[in-house]
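Heads up, the thing below is written out as structure tokens.
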Amino acid sequence: MLDLQLIRNHPERVREAIRHKGLGDGALVDDVLERDAHRRKVLTDLQDAQARSNRISKDIGALMREGKKDEAQERIAETGRLKERIKELEDEAREAEEALDRLMLDVPNVPHESVPVGQTPEHNAVVEEDGDKPDFNFEPLPHWELLERHELADFERGAKVTGAGFPFYMGRGAKLQRALVHFFLDQAADAGYHEVQAPLMVNADSARGTGQLPDKEDLMYEVPRDDLYLIPTAEVPVSNLYRDEILDPDTLPIKLCAYTPCFRREAGSYGKDVRGLNRLHQFDKVELLQFVTPESSYAALEEMRSDAERLLRLLDLPYRRLLMCTGDMGFTQAKKYDLEVWSGGQERWLEVSSISNFEAFQARRMQIRYRPDGGKTDFVHTLNGSGLALPRVVAALLENNQQADGSIRLPEVLHQYTGFDQIG
RNA sequence: GGAGGGGUGGCAGAGUGGUCGAAUGCACUGGUCUUGAAAACCAGCGUGCCCUCGCGGGCACCGGGGGUUCGAAUCCCUCCCCCUCCGCCA
């Protein structure tokens, strides 16, 4: 949610943000301003009426105490009309409030000034490329063939047991997953992130807090009987950790990391993108999160970005960093980087991390505040980033490190975690 | 799942229909005292919103929602959460 003050004071900036994100012409802003004016008018009327009512009740109390029952009765008689009026105004105020809230949920976050303006992925800026793409003197295989050859994963049985997109990882495949999770968490700890283990299901309030509800409902699996949702990312439960709280400034920045499986319905995504590990309904991810003061959030974004990039360098995976343009960055973000690894078998870039600064957009929705020393409470800024999502990292590791004889050499940093240095 | 108890300010803990946004203690902040500190004493100390250039004023909030009443922390309904005991169970 955006700051209503910002819309009031700089409506043109918000209109521009809406256009740049490709979400309309910005007429929404005028609706908001109109609704806001109306709400305030109704609120003022209501509060006037309530103040009068309170005055009368207080007088009645005083009269009762003095034993002037008759006078009290007279005053009670006066209140009938006023009570009705208050009821009407309360209804009006609630409607006005709800109408404004609904509109406010449609207002996207304003992109940071450093974000390139554009509507399509072509406008994303490739900021950096690092590492050498593998140069094979044989025909490299895509990872799904490598998985099959080495019996690292079983997609067919996964489909039987659950459905497409729910593979079993087997033997060294399973161990590799566990090793990566362990490695990522250790690295995060070294970088100062505090590990948490989060619930894998959340309630509707939490899903709303991070913006999965109301509009991205199709993303999540539901457990209707208990009114819960399976998490599409650890971002959802962990961001909500401090919902409705006022944080002590001494505790900031709060840096958290969490390993969780992620569940995504991925409704409507078909095509060859979905082969193998490229797109799954369940996958593992280590997520990094930070709660910071507003003035430090962009430094934190760069820090988090380099925390994620370090993992790719340690794994010796060639990657590139994209600065997402206004139209490709999403509704809630102010600035977002994507990290993509090169997969040598498929000869394409695979997104393995997305690192975002939400500024106060999520915090306002979740009511996460802090009290600056001696000052008024203010919303924290929130950031999160994958560090990293496993399946595509596995895909790239297998593809890039395959040898002519079909074996796969694992990067050295993983040996102590896997207990083996190659597959096959 | 069954039975009972309970949710009040940062914490502890009063308050069971009217001068209660809420006693008191602790914590915290400022001041007095002191060479300094502690102690003691004095004062301040919740959140959100609305009106106002400002001074200031108003409204709402005692787990959430609804109701009774001129008036609700207090009474009623409902939901949620916590605790104790029993059952079940990784």
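Numbers restart at 1 for each chain; the letters A, B, ... are given by sequence-line order, proteins then strands. Values below: every heavy atom of this structure, side chains too, minus hydrogens, waters and symmetry copies.
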**Message:** Across nucleotides 47-53 of chain B, 5' to 3', mark each nucleotide with B, S or - according to how protein heavy atoms within less than 4.0 Å reach it.
**Reply:** SSSBS--
**Fill in**
side-chain contact (heavy atoms from CB on, under 4.5 Å) filter on Asp186(A), not counting sequence neighbours, yields His182(A), Tyr417(A)
**Prompt:** For C59(B), which nucleotide is its Watson-Crick or G-U wobble mate, given both distances must be under 3.5 Å?
**Reply:** G48(B)
**Request:** Using only heavy-atom distances, determine whether the side chains of Arg243(A) and Asn240(A) contain a donor-acceptor pair under 3.5 Å.
**Result:** yes
**Asked** Going by distance alone, is a donor N or O of one side chain under 3.5 Å from an acceptor N or O of the other, for Ser57(A) and Asn54(A)?
**Response** no
**Nucleotide-resolved protein contact map, nucleotides 69-82 of chain B, B/S/- at heavy-atom distance under 4.0 Å** = -BS-----------
**Item:** P gap between C50(B) and C45(B), integer Å
**Value:** 23 Å
**Request:** Using salt bridge (charged side-chain N to carboxylate O under 4.0 Å, His left out) as the criterion, list what pairs up with Arg8(A), not counting sequence neighbours.
**Result:** Asp36(A)
**Prompt:** Separation of Asp48(A) atom CG from C59(B) atom P, in whole Å?
**Reply:** 10 Å
**Request:** Write down the distance separating the P atoms in G6(B) and A38(B), rounded off to the nearest Å.
**Result:** 42 Å
**Item:** Under 3.5 Å on both distances, the Watson-Crick or G-U partner of G9(B)
**Value:** none
**With Lys41(A) via salt bridge (charged side-chain N to carboxylate O under 4.0 Å, His left out) - residues at least two apart** = Asp45(A)
**Any strand: nucleotide that pairs with C85(B) via Watson-Crick or wobble, under 3.5 Å** = G2(B)
**Fill in**
Partner of C41(B) under the Watson-Crick or G-U wobble criteria, both distances under 3.5 Å, comes out as G31(B)
**Asked** Side chains of Glu302(A) and Tyr337(A): is there a donor and an acceptor less than 3.5 Å apart?
**Response** yes
**Request:** Round to the nearest Å and state the distance from Arg243(A) atom CZ to G64(B) atom P.
**Result:** 14 Å
**Item:** Any side-chain donor near an acceptor of the partner, Glu235(A) and Thr210(A), under 3.5 Å
**Value:** no
**Pairs involving residues 161-179 of chain A, ordered by first then second residue, that meet side-chain hydrogen bond (donor to acceptor under 3.5 Å, both in side chains) (sequence neighbours left out)** = Gln177(A)-Asp284(A)
